[in-house]
Amino acid sequence: MRERIIVIMLLIMLAGFTLLTYALSVTKFGLVNAYLVTDPGSFQTLLMNSNGKYLLIIYADSQCVACNYLKSYVLSNSTVANYVQSHYVTAYVDLDYQSAIPLTNIYIMVNGSVYVIEPISNEISVRVYRVNTTQVVPFTVQVTPTLLVAYDNGGSLIVKEIILGAYPPQIFMNILSLVHTNAITTSLQRQN
């Protein structure tokens, strides 16, 4: 009986993954498999099938030098790509497509701490915002690349990190690990 339950659970998980793959096309961003998001409903599909993993949502376009650095140097690093694939469901909003433009103005939910990471000169600024209640706030992508790290809370996208710009591989992994540690354990110095 126990084996039947396990087999049924595995079949349900496989069916969910198959439906997700069917509903969204998968593309490569560096070495990372990413779901190509072209409409707001795609976010809901990803949330429903995230299985407890964080979502890593990448906003980028082909004319952006930092986006190309993120794709061809950072996420093409096998250590970084393996880390991302293990801990995140990755979504890519390709701003070269006109249909993706409305996704640059969305409402996000904030609950607890939110890290905002951005480059300032040769330093990396990490600002932490803490809220006592769940808040829905408008969000606009103003620079590329912009990355959101979020998780599912009852079908809502709760944002934990907003990453502006591209960073060297190890710094990028340190930034991503903030959501798992909930503490800034290292000084993030920009390395060229």
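Predicted model, so just to flag it, every value in this text is computed and none were measured.
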Minimum heavy-atom separation for L178 to Y115, with atom names?
O-CE1, 3.9 Å
Testing L95, V141, V93 for side chain to side chain contact (heavy atoms under 4.5 Å, CB included) with L103, which one passes?
V93
Are side-chain heavy atoms of I175 and M173 found at a separation under 4.5 Å?
no
CG (L148) and CG (L55) are apart, to the nearest 0.5 Å, by 9.5 Å
The reported gap from OH in Y69 to OG in S76 (rounded to nearest 0.5 angstrom) is 11.0 Å
Would you name the heavy atoms of L75 and A81 that are closest together and state the gap between them?
O-CB, 3.8 Å
Flag the pair Y129 / V110 as yes when at least one side-chain heavy-atom distance between them is below 4.5 Å, and no otherwise.
no
Among pairs that include at least one residue of residues 54-81, which meet salt bridge (charged side-chain N to carboxylate O under 4.0 Å, His left out), considering only residues two or more places apart or in two chains?
none
Any side-chain heavy-atom pair from Y88 and V149 closer than 4.5 angstrom?
yes
Closest heavy-atom contact between L164 and V143?
CD2-CG2, 4.0 Å
Under the side chain to side chain contact (heavy atoms under 4.5 Å, CB included) rule, what do V137 and Y107 come out as? Steps first, then yes or no, please.
CA-CA 6 Å; V137 296; Y107 284 91; over 6 Å; no
Heavy atoms from other residues, nucleotides or ligands near OH of Y73 exceed 12 (cutoff 6.0 Å)
no
Measure the NZ-OG1 distance between K53 and T90 for me, rounded to the nearest 0.5 Å.
8.5 Å
Is the side chain of D94 donor-acceptor paired with the backbone N or O of L36 at a distance under 3.5 Å, no angle test?
no
Heavy-atom closest pair, residues K28 and L31
NZ-O, 3.5 Å
List the residues meeting ring-ring contact (aromatic ring centres under 6.0 Å, His included) with Y92, not counting sequence neighbours, and say none if there are none.
F29
N132 atom CG, over 12 foreign heavy atoms within 6.0 Å:
no
Out of curiosity, N68 CG to T144 OG1, how far, rounded to the nearest 0.5 Å?
9.5 Å
Within the 4.5 Å heavy-atom criterion, are E161 and V114 side-chain neighbours or not?
no
What salt bridge (charged side-chain N to carboxylate O under 4.0 Å, His left out) pairs are there with at least one residue in residues 98-119, not counting sequence neighbours?
E118-R127
Hey, does Y35 have a side-chain heavy atom less than 4.5 Å from the side chain of L46?
yes
Hey, are the side chains of V159 and F139 touching, using non-hydrogen atoms and a 4.5 Å cut-off?
no
Minimal heavy-atom distance between V136 and M109, with the atoms involved, is CG2-CG, 3.9 Å
Side-chain heavy atoms of H87 within contact of Y54, under 4.5 Å
no
Which atom pair, heavy atoms only, marks the closest approach of P145 to L70?
CB-CD2, 4.0 Å
Check whether any side-chain heavy atom of L147 sits under 4.5 Å from a side-chain heavy atom of Y59, and report yes or no.
no
